[in-house]
Amino acid sequence: MIEGEHYDYIIVGAGSSGCALAERLSRNSSARVALIEAGRTNKSFLIDMPAGVRLLYDGAAYNWKFRTTPQPELASRQIYIPRGKVVGGSSSINSMIAIRGAHTDFEEWAAASSSVWGPENMYRVLREIENASGLPQNHRNGRGLDGPIKLSRRLIGHALSEAYIDACEQAGIARNDEGFNGESQLGAGFFDVNISNGKRHGASAFLLQAAGRENLTILPSLPVRRVHFERGTARGVVVQRGSEELLLCADCEVILSAGAIGSPQLLMLSGIGPADHLRQAGIDTKFDAPEIGQNLRDHLDCSMRWSTRGVDTFTKYFRPYEGLFHSALSGARYLLTGTGNAATQGIEAGAFWGDKTSNDAEFQSHLVLALKWPPSGTHHKDGFALRVCQLKPHSVGEIRLASADPRDAPIIDPRFLTSPRDLEALADGVARMAEVVQGGAMQAYLDRAIDTDALSSNREVLRNWVRNTAETIYHPVGTCRMGNDDGSVVDSALRVRGVENLRVADASIMPEIMRGNTNLSCMAIGVIAAETIISG
């Protein structure tokens with residue numbers, strides 16, 4: 001093994017947390033910071049262009065394209081989990097929904113760790129991150145206006161979006177006009193999105209802030225094989241460069257920000273994890289940490305589909321042959337003017353709702369303004385999908401190594417719906433939204449329901465439809481759980497227990513899953529990690 005460059009801090013993973021962390025640490029010009037990313041750079045118009053998500057979702061160039069083990073409660077299906085393989089991480093390929101998180105979410109984090117992770121501090125950092133100057137004037141009070149993540153709302157104001165919000169109101173779900181980021185998350189309305197002037201504003205925006213800093217080195221396309229330890233202290237990381245292993249040295253700390261899948265995998269590859277499992281994989285155990293890779297939580301959701309009449313949706317972009325023509329026209333307009341349908345991701349409205357006795361949401365919906373997956377053998381000119389997501393699932397899974405080879409994807413077993421409560425809850429959420437769509441203001445645009453089993457009054461038919469159609473909405477968290485108890489993987493300062501000079505800062509440290517999209521909070525984790533490191 002060859003010894004390479006020395007840095008003060010080495011950050012592994014240039015995703016939402018890693019980019020924010022690198023920017024904040026590198027503000028100190030005397031601190032040498034390296035940000036290492038296994039994926040390529042984000043220099044692609046598909047990433048800048050919001051509609052590019054349609055191709056990034058399926059493409060392999062910027063996407064790890066993970067799959068779970070067969071899930072027994074989901075008809076033994078292997079569930080697709082897209083994850084960003086690019087600078088910016090999953091914020092470079094996601095749908096750009098910007099949710100700050102519910103007050104209760106951060107109360108739960110603080111109870112598990114410290115007040116640093118409580119609502120007051122988290123909202124302070126979230127205000128620093130965001131630039132809400134693109135929102136309506138009367139919704140900017142208490143919002144950040146100077147951060148790198150630029151927000152907007154109601155990019156199209158599509159007739160279906162308006163009708164959906166009206167239908168929710170008619171069904172007793174109040175209108176929420178603050179992007180779900182105001183006093184309450186509950187209600188139906190338009191999402192805040194990290195899109196501005198027709199462009200995505202993902203985590204790489206933090207690196208634009210740091211552009212020109214000589215003390216920040218960004219190393220894309222450089223997979224890390226393991227953390228290097230000397231006498232129980234992290235001293236750097238081993239990367240593969242060509243046919244040789246290269247040791248990059250960290251004189252202060254190594255921080256893993258490789259995400260809820262990558263960070264536990266790297267810890268286990270480095271000998272930190274459940275001793276029996278590491279032994280089976282042929283890895284010498286440096287510290288027995290049974291909880292690494294455990295506590296995997298994710299949001300499961302179902303997509304109900306309808307064909308429509310009298311309204312134009314984005315379905316035309318997915319039709320065979322014809323879709324290529326429409327996509328070419330839209331892409332050309334975007335390249336010339338930065339406007340048009342390519343300047344939106346096609347999801348602008350949704351809702352949060354729950355039990356009327358609680359102030360916390362139990363479910364979230366996303367209205368997708370396209371019928372991307374019509375049934376085989378049929379032709380639907382237009383349509384939409386309504387995704388219904390359970391926000392606080394009880395099912396808990398795990399990440400395990402497939403082998404001692406870092407190139408092998410880990411074994412991902414979320415154990416979806418293994419808690420019977422989750423199946424019943426998700427069925428309840430689907431039934432509620434089916435009533436909203438079928439019985440209110442959307443009726444004027446409905447042609448017919450495609451997923452008729454989702455509308456069934458027979459509970460077992462509905463349960464089977466959930467089992468056969470549910471997918472993740474791509475919010476894996478919790479696999480390096482933060483806490484004050486000895487069993488937690490990291491403490492409240494994100495230090496890995498049992499070793500020195502090693503931290504984890506990404507979605508894996510979340511002790512509980514959030515009520516909503518996780519991206520902004522992952523950025524906040526990176527900022528708080530940097531503040532914690534700097535404060536000593």
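Proximity of Tyr334 to Asn341: side-chain heavy atoms (C-beta onward) are nowhere separated by under 4.5 Å. A 4.5 Å side-chain heavy-atom check between Ser257 and Leu21 finds at least one atom pair inside the cut-off. Taking the side chain as every heavy atom from C-beta outward, Lys286 and Leu278 never approach each other to under 4.5 Å. Here the side chains of Val227 and Leu256 are in contact, with some heavy-atom distance below 4.5 Å. Under the 4.5 Å side-chain criterion, counting only non-hydrogen atoms from C-beta, Arg400 is in contact with Pro274. Counting heavy atoms from C-beta on, the side chains of Met122 and Arg100 never come closer than 4.5 Å. In this structure the side chain of Leu56 never reaches within 4.5 angstrom of the side chain of Asn63, judged on heavy atoms. Pro393 has its side chain within reach of Ile513: a pair of non-hydrogen atoms, C-beta onward, lies under 4.5 Å apart.
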Could you walk me through whether Gln240 and Glu245 satisfy the side chain to side chain contact (heavy atoms under 4.5 Å, CB included) test, starting with their C-alpha distance in whole Å, then the side-chain angles of each, then the deciding distance to 0.1 Å, before giving a yes or no?
CA-CA 5 Å; Gln240 190 75 37; Glu245 287 190 341; 3.8 Å; yes
Trace of the side chain to side chain contact (heavy atoms under 4.5 Å, CB included) decision for Glu348 with Leu367
CA-CA 7 Å; Glu348 61 173 357; Leu367 181 68; over 6 Å; no
Could you walk me through whether Ser488 and Arg497 pass the side chain to side chain contact (heavy atoms under 4.5 Å, CB included) test, one step at a time?
CA-CA 8 Å; Ser488 59; Arg497 297 186 185 278; 3.0 Å; yes
Can you list the steps and then say if Leu371 with Thr313 is a side chain to side chain contact (heavy atoms under 4.5 Å, CB included)?
CA-CA 8 Å; Leu371 184 60; Thr313 71; 5.8 Å; no
Checking Lys392 against Glu108 for the salt bridge (charged side-chain N to carboxylate O under 4.0 Å, His left out) test, could you report, in this order, the C-alpha distance in whole Å, the side-chain angles of both residues, the deciding distance, and whether it holds?
CA-CA 12 Å; Lys392 296 295 284 186; Glu108 292 171 350; 3.1 Å; yes
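Considering every non-hydrogen atom in both His475 and Asn517, the closest pair reads CE1-CA, 3.6 Å. The minimum heavy-atom distance between Phe191 and Ser365, with the atom names listed, is CZ-O, 3.4 Å. Residues Gly179 and Asp192 share a closest heavy-atom pair of CA-OD1, 3.5 Å. Here the closest heavy-atom approach between residue Ile156 and residue Leu369 is recorded as CD1-CD1, 4.4 Å. Nearest approach of Ser521 to Trp109, heavy atoms of both residues: CB-CH2, 4.4 Å. Pairing each heavy atom of Cys480 with each of Val490, the nearest pair is O-CG2, 3.7 Å.
Between the side chain of Ser152 and the backbone N or O of Ile195, at least one donor-acceptor pair lies under 3.5 Å. Without hydrogens or angle criteria, Arg24 side chain to Val527 main chain gives no donor-acceptor distance under 3.5 Å. Within the 3.5 Å criterion, the main-chain N or O of Leu391 finds a donor-acceptor partner in the side chain of His299. Between the side chain of Gln390 and the backbone N or O of Leu426, no donor-acceptor pair lies under 3.5 Å. Between the Lys65 side chain and the Asp58 main chain, a donor and an acceptor come within less than 3.5 Å of each other. Under the 3.5 Å distance criterion, the side-chain polar atoms of Ser92 are matched with a main-chain donor or acceptor of Val87. Ser196 contributes no side-chain N or O that, together with a main-chain N or O of Lys150, makes up a donor-acceptor pair within less than 3.5 Å. Distance alone, capped at 3.5 Å, places no donor-acceptor pair between the Gln345 side chain and the Val53 backbone. Panel note: side chain Gln71, backbone Phe416; a donor-acceptor pair is recorded below 3.5 Å. Formation of a donor-acceptor pair under 3.5 Å by the Asn194 side chain with backbone atoms of Leu151 is not found in this model.
Note that CG of Leu266 is 12.5 Å distant from CD1 of Ile261, once rounded to the nearest 0.5 Å. Distance check: Ile218 CD1 to Arg213 CZ gives 10.5 Å after rounding to the nearest 0.5 Å. Of the inter-residue distances, the one linking Ser204 atom OG with Gln209 atom CD reads 11.5 Å to the nearest 0.5 angstrom. Note that CZ of Arg200 is 4.0 Å distant from CE of Met96, once rounded to the nearest 0.5 Å. Rounded to the nearest 0.5 angstrom, Ile81 CD1 and Ile412 CD1 are separated by 4.5 Å. The distance from atom CG of Leu25 to atom CD of Glu23, rounded to the nearest 0.5 Å, is 9.5 Å.
Under the 4.0 Å criterion applied to side-chain N and carboxylate O atoms, Arg495 and Glu253 are not assigned as salt-bridge partners. A salt bridge is defined here as a Lys NZ or Arg NE, NH1 or NH2 lying under 4.0 Å from an Asp or Glu carboxylate O, and Glu471 with Arg387 fails to meet this definition. Taking the charged nitrogens against the carboxylate oxygens, Arg32 and Asp251 do have a contact shorter than 4.0 Å, which makes a salt bridge. Using a cutoff of 4.0 Å between basic side-chain nitrogens and carboxylate oxygens, Asp105 and Arg515 are scored as salt-bridged. The pair Glu73-Arg415 does not meet the salt-bridge criterion, since no charged nitrogen lies less than 4.0 angstrom from a carboxylate oxygen.
Geometric assessment of Arg54 against the ring of Tyr317 yields a positive cation-pi assignment under the 6.0 Å and 45° thresholds.
No hydrogens or angles considered: nothing links the side chains of Asp301 and Gln364 as a donor-acceptor pair under 3.5 Å. Side-chain atoms of Asn519 and Ser16 form a donor-acceptor pair, as typed in the model, at a separation below 3.5 Å. Counting only N and O atoms by type, the side chains of Tyr80 and Tyr57 include no donor and acceptor under 3.5 Å apart. Judged by distance alone, the side chains of Thr285 and Arg279 never bring a donor and an acceptor atom under 3.5 Å apart. Side-chain contact check for Arg77 and Asn468: no donor-acceptor pair (N or O, by modelled atom type) lies under 3.5 Å.
A search for salt bridge (Lys or Arg N to Asp or Glu O under 4.0 Å) contacts involving Arg241 returns nothing, not counting sequence neighbours.
Heavy-atom contacts from other residues, nucleotides or ligands closer than 6.0 Å to CG of Asp146 number 12 or fewer. Within a 6.0 Å sphere centred on CG of Asp405, heavy atoms belonging to other residues, nucleotides or ligands number more than 12. In the displayed structure, Lys199 atom NZ is contacted under 6.0 Å by at most 12 heavy atoms of other residues, nucleotides or ligands. When the shell of 6.0 Å around CD of Glu500 is examined, it contains 12 or fewer heavy atoms from other residues, nucleotides or ligands.
Between Ile525 and the options Asp506, Ile509, Thr518, a side chain to side chain contact (heavy atoms under 4.5 Å, CB included) holds for only Ile509.
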